[in-house]
2 protein chains.
Amino acid sequence: MASGKSPKEMDALKEHLARHQLKFTRQRELILSAFLRQEHITAEAMYHQLAKTDPHLGLATIYRTLNLFCDAGLAQARHFGSQTQYDNISHKGHHDHLICTGCGKIIEFENCEIERLQEEVAAKNGFTIQTHRLELYGLCSHCRH
Amino acid sequence: MASGKSPKEMDALKEHLARHQLKFTRQRELILSAFLRQEHITAEAMYHQLAKTDPHLGLATIYRTLNLFCDAGLAQARHFGSQTQYDNISHKGHHDHLICTGCGKIIEFENCEIERLQEEVAAKNGFTIQTHRLELYGLCSHCRH
DNA sequence: GTTATTGCAAAGTTTTTGCATGTAC
DNA sequence: GTACATGCAAAAACTTTGCAATAAC
């Protein structure tokens, strides 16, 4: 194996592509490997990040590819502020947000106890949780004054 | 004194307006009273709803007014799907969802213990919570089989 | 060789802004 | 009478789409 380690997400992408008669392109590989380094990112931010090494990679391709990742179950789109955030699913589950409605600051947190209670609620209703989203909106100490 | 016609939100709006040298207009009154009947609504939906009785009320006015309600602490903007949802703050807090990714069924629940823990997390980070959003995605008992 | 993908630009959506006119104070 | 608000249209911001050229299979 020349490349040695292909992360499981890369394999998952290839499988999704194969199953849908889609192709594994240089851009898709590039965008996925950049994406895996993030917890969440916007299309625009990734565009700028990749433009340094690949100036011809178009923003439309990034959007198309991130949307593809959502279809493949690797990413989850979240509308936040004025742009769409693409969350890295493999980092999800322990990834909740505290969002300041004053200045837009975002703090990430995880809380096992909350997660345990979520499981409890789900079980009580006969559900098996696949993923969740918890966002707390409020004012940070700065903005409260 | 018990003027059944002026809900506390209307008074809160008036107070906010007074404090900021803004004016209490027919449109603001109209939009607020329509807003209070909803749990959440988009600007576009409100535009259509109000157009029946007030065909000259512009969409820009609705946006400006709903954003004003956010400033006044009566509403909370949430980006969802492709449009902004304006949530009625007074209805929020006990409104979490359990969503089946198989059949789309939505169960509403509330859990005081989770809410308490949320407050705890917020406090630990110096935040004051205004509202929150919790969605659990999974499979219901039907769809698991 | 065939079919999907890319890059670019153009179009589509949703939201905000500019400005003349109207309205609350 | 003096601000601020409104309505309309135009602009801005973000995302998707059309199409000819290109790359994967």
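Just so it is clear, the model here is predicted, and its values are computed rather than measured. Letters A, B, ... are given to chains in the order of the sequence lines, protein chains preceding strands, and every chain is numbered from 1.
For the pair A:Leu13 CG and C:dT5 C1', the computed distance is 14 Å after rounding to whole Å. Atom CG in A:Leu17 sits about 13 Å away from atom P in C:dA4, given to the nearest Å. Spacing between atom CD1 of A:Ile31 and atom P of C:dT5 amounts to 12 Å, rounded to whole angstrom units. Rounded to whole Å, atom P of C:dG7 lies 11 Å from atom CG of A:Leu50. Rounded to whole angstrom, the span from the CG atom of B:Asp54 across to the P atom of D:dG7 amounts to 7 Å. Atom CD of B:Glu29 is separated from atom P of C:dC25 by 10 Å (rounded to the nearest Å). One interatomic measurement links the two molecules: NE2 of B:His20 to P of C:dC25, which rounds to 16 Å at whole-angstrom precision. If you take OH of B:Tyr47 and C1' of D:dA9, they are 12 Å apart, rounded to a whole angstrom.
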What N/O pairs connect the protein and nucleotides 10-14 of chain D at under 3.5 Å? Give each pair on its own line.
| unit_1 | atom_1 | unit_2 | atom_2 | d |
| --- | --- | --- | --- | --- |
| D:dC14 | OP1 | A:Ser82 | OG | 3.3 |

At a cut-off of 3.5 Å, list every protein nitrogen or oxygen paired with a nitrogen or oxygen from nucleotides 17-21 of chain C, distance to 0.1 Å.
| unit_1 | atom_1 | unit_2 | atom_2 | d |
| --- | --- | --- | --- | --- |
| C:dG18 | O6 | B:Arg64 | NH1 | 3.3 |

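Taking 4.5 Å as the limit, some side-chain heavy atom of B:Arg28 sits within range of a side-chain heavy atom of B:Leu22. In this structure, B:Glu113 and A:Leu117 have side chains that are in contact, with non-hydrogen atoms separated by less than 4.5 Å. The shortest distance between side-chain heavy atoms of A:Leu134 and B:Leu136 does not fall below 4.5 Å. Taking 4.5 Å as the limit, some side-chain heavy atom of B:Gln49 sits within range of a side-chain heavy atom of B:Ile41. Counting heavy atoms from C-beta on, the side chains of B:Glu39 and B:Asn88 never come closer than 4.5 Å.
In this structure, the side chain of B:Asp87 does not engage the main chain of B:His40 through any donor-acceptor pair within 3.5 Å. Side-chain atoms of A:Gln38 come within 3.5 Å of backbone atoms of A:Ala34 as a donor-acceptor pair (strictly under, hydrogens ignored). With A:Glu120 contributing its side chain and A:Arg116 its backbone, the two residues share no donor-acceptor pair below 3.5 Å. Of the possible donor and acceptor atoms, none in the side chain of B:Asp96 sits under 3.5 Å from a partner among the backbone N and O of B:Glu110. Using a distance-only test at 3.5 Å, with no hydrogens or angles considered, no donor-acceptor pair links the side chain of A:Thr61 to the main chain of A:Leu57.
A:Thr61 has a side-chain polar atom (N or O) that falls below the 4.0 Å cut-off from OP1 or OP2 of C:dG7. Under 4.0 angstrom from either OP1 or OP2 of D:dA5 there lies no side-chain N or O belonging to B:Arg26. Between C:dG7 and A:Gln27, a contact under 4.0 Å exists linking OP1 or OP2 to a side-chain N or O. At the phosphate of C:dT6, neither OP1 nor OP2 sits under 4.0 Å from any side-chain N or O atom of A:His56. Contact annotation: A:Thr25 side-chain N/O to C:dA4 OP1/OP2 distance is not under 4.0 Å.
For the pair B:Thr42 and B:Leu22, nearest-nucleotide mapping onto DNA chain C gives the more 5' position to B:Thr42.
No donor-acceptor contact under 3.5 angstrom links the side chains of A:His97 and A:Glu135, judged on distance only.
Side-chain atoms of B:Lys23 and base atoms of C:dT23 include no donor and acceptor less than 3.5 Å apart.
The bend of the helix from C:dG1-D:dC25 to C:dC25-D:dG1, defined by the angle between the axes of its first five and last five pairs, stands at 40° to the nearest 10°.
Note: A:Tyr63 and A:Tyr86 have perpendicular aromatic rings, judged against thresholds of 30 and 60 degrees for the angle between ring planes.
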